[in-house]
Amino acid sequence: MKFFSTRNKGLSASFKEVLLNGLAPDGGLYMPAKIPKMSMDFFKSQQSFEELAVNIIYPYVKEEFSLSKLTDICEDAFNFPIKIKNLNESDLILELFHGPTLAFKDFAARFLAQTMFFLQADNKKKLTILVATSGDTGAAVANSFYDIDNIDVIVLYPSNKVSGIQEKQITTLGKNITALEVAGTFDDCQRLVKKAFVDKEIISSLNLSSANSINFVRLLPQATYYAWAWKKSKINDSIIFSIPSGNFGNITGGLLANQMGLPVEMFIASLNINDAFVKFLKSGKLSEKKAIKTISNAMDVSIPSNLERIKNIFDSDLREINKKISTWSFSDSLTKKMIKNIYEEYNYLVDPHTAVGVLGLNEYRLNFKNLKKGVVLSTAHAAKFSNVVEPIIKQEIELSETVKSLLDKDKLSIKMSNEFATFKEFLLSV
Ligand SMILES: *Cc1c(COP(=O)(O)O)cnc(C)c1O
């Protein structure tokens, strides 16, 4: 399989280049040259999530991995359950948070770690992965790459702006994982990382790579769980998905599955008040403004980085995008009400991001009087956001043993200013 850059169809790259470079050299995002098509019977006949993942992903990686190597990778990467809960006849919740860091990002980060490990094994120069995080990506990447030979990870997170559990997940590992606690915002962290990638001295001294959602490889495991949800919902027809969205990596995984042949009636991009995409779908224009802090903080994104891929999939035709993606934005107070409603009506606890997803599905049903089966992607475990959820349900959330032991561990972070010169000096000294 060949890949091209969204900014230049002539710029072709291999899977290995896509994996290790992250961003195309012209600043565009990588997309596959030809998306393989699969039948409904194919999706139905897969017996397990791992089997489905192997068969969906293989066409993209077959120049690099044999089928049996890919099978090993998928078995290692997806070694935790994926569950579907019925709220009622028509509304389902796809629980993607049973991985080690309790958010859906474990799927992509673990797959990325396994594939990078195998493709890096023959490379003498150590790989250094830089990740800017608002909480969940850094946790998933740190956990997935922990103790992997020949790969170092440097996570930049904004001091005092991630939850307690997230901070412990990022800072308690040590070994090849370094946590930089930046005096500033997530935007500062992202700016430092972006600058490092274009700094001549840094890139000649370090072999840098990215694990943020600009990396196409993160989309492959994400495409798989849409297909798994469709199969498990046992319908012969198309389905609705509601996705709590920030950088739109998760929803782009779904669009990829749809391009591969998965029957999807509508994707709902469910947003908090950071609503740039709502305005984009109406006008085709993006207005740059600062991200606003909300209780669903993983979606506090001003400009979704995967929008360039979405435009590419639909040839920038706004009408076509509107036929496949609906979007609404919801306030924190509606989100809190929804957490309470779901808890009272179904005795089921959702995190703030998932609550936004349920709001999106309800809004779609109201507007289009559509009663087809709908699946809300549940992106995090409520325990990860206990500070928000516990006061709403007026009850403590039971923590798993893994989380409890994490909270007892010591934090190991290096405090850093938000100035590039300091960050650069640090990188050149490691
Ligand atoms: C990252 C994240 C999101 C947003 O996902 P995108 O792929 O950036 O759209 C939603 N919910 C949670 C819990 C997350 O960690």
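In listed order, ligands and their atoms are each counted from 1.
Residues T6 and E308 have side chains that bring a donor and an acceptor to within less than 3.5 angstrom of each other. Side-chain contact of T101 with Q169: a donor-acceptor pair under 3.5 Å is absent, judged by distance alone.
With a heavy-atom cut-off of 4.0 Å, K105 touches ligand 1 through its side chain alone.
Using the six-membered ring where Trp is involved, F80 and F107 have ring planes that are perpendicular, over 60° apart on the 30 and 60° scheme. Ring planes of F423 and F426: parallel class, angle under 30° (limits at 30 and 60°). Relative ring orientation between F248 and F277 is described as tilted, the plane-to-plane angle lying within the 30° to 60° band.
Of all protein heavy atoms, the one lying nearest to atom 4 (C) of ligand 1 is G246 N, 3.6 Å. When only non-hydrogen protein atoms are considered, atom 8 (O) of ligand 1 lies nearest to N247 N, 2.8 Å.
Listed by number with element, the atoms of ligand 1 under 4.0 Å from a non-hydrogen atom of A380 are 13 (C). Under a 4.0 Å criterion applied to the non-hydrogen atoms of S245, ligand 1 contributes the atoms 9 (O). Near D136, meaning under 4.0 Å from any of its heavy atoms, are these atoms of ligand 1: 12 (C), 13 (C), 14 (C), 15 (O). The contact set between ligand 1 and G249, taken as ligand atoms under 4.0 Å from a residue heavy atom, comprises 6 (P), 7 (O), 9 (O). Listed by number with element, the atoms of ligand 1 under 4.0 Å from a non-hydrogen atom of P244 are 4 (C), 10 (C).
For atom 6 (P) of ligand 1, the candidate residues are F248, F385, F277; the nearest heavy-atom contact is made by F248. Around atom 12 (C) of ligand 1, the closest heavy atom drawn from T252, T379, T101 belongs to T379.
Remark: R110 CZ to S144 OG distance equals 5.5 Å, nearest 0.5 Å.
Considering K85, K373, R365 as possible partners of D91, the one that fulfils the salt bridge (charged side-chain N to carboxylate O under 4.0 Å, His left out) test is R365.
Sparse packing is recorded around NZ of K285, with 12 or fewer heavy atoms of other residues, nucleotides or ligands lying under 6.0 Å away.
In this structure, F104 is part of the shell of residues with a heavy atom less than 4.0 angstrom from ligand 1.
On a distance-only criterion, N250 and ligand 1 share at least one N/O pair closer than 3.5 Å.
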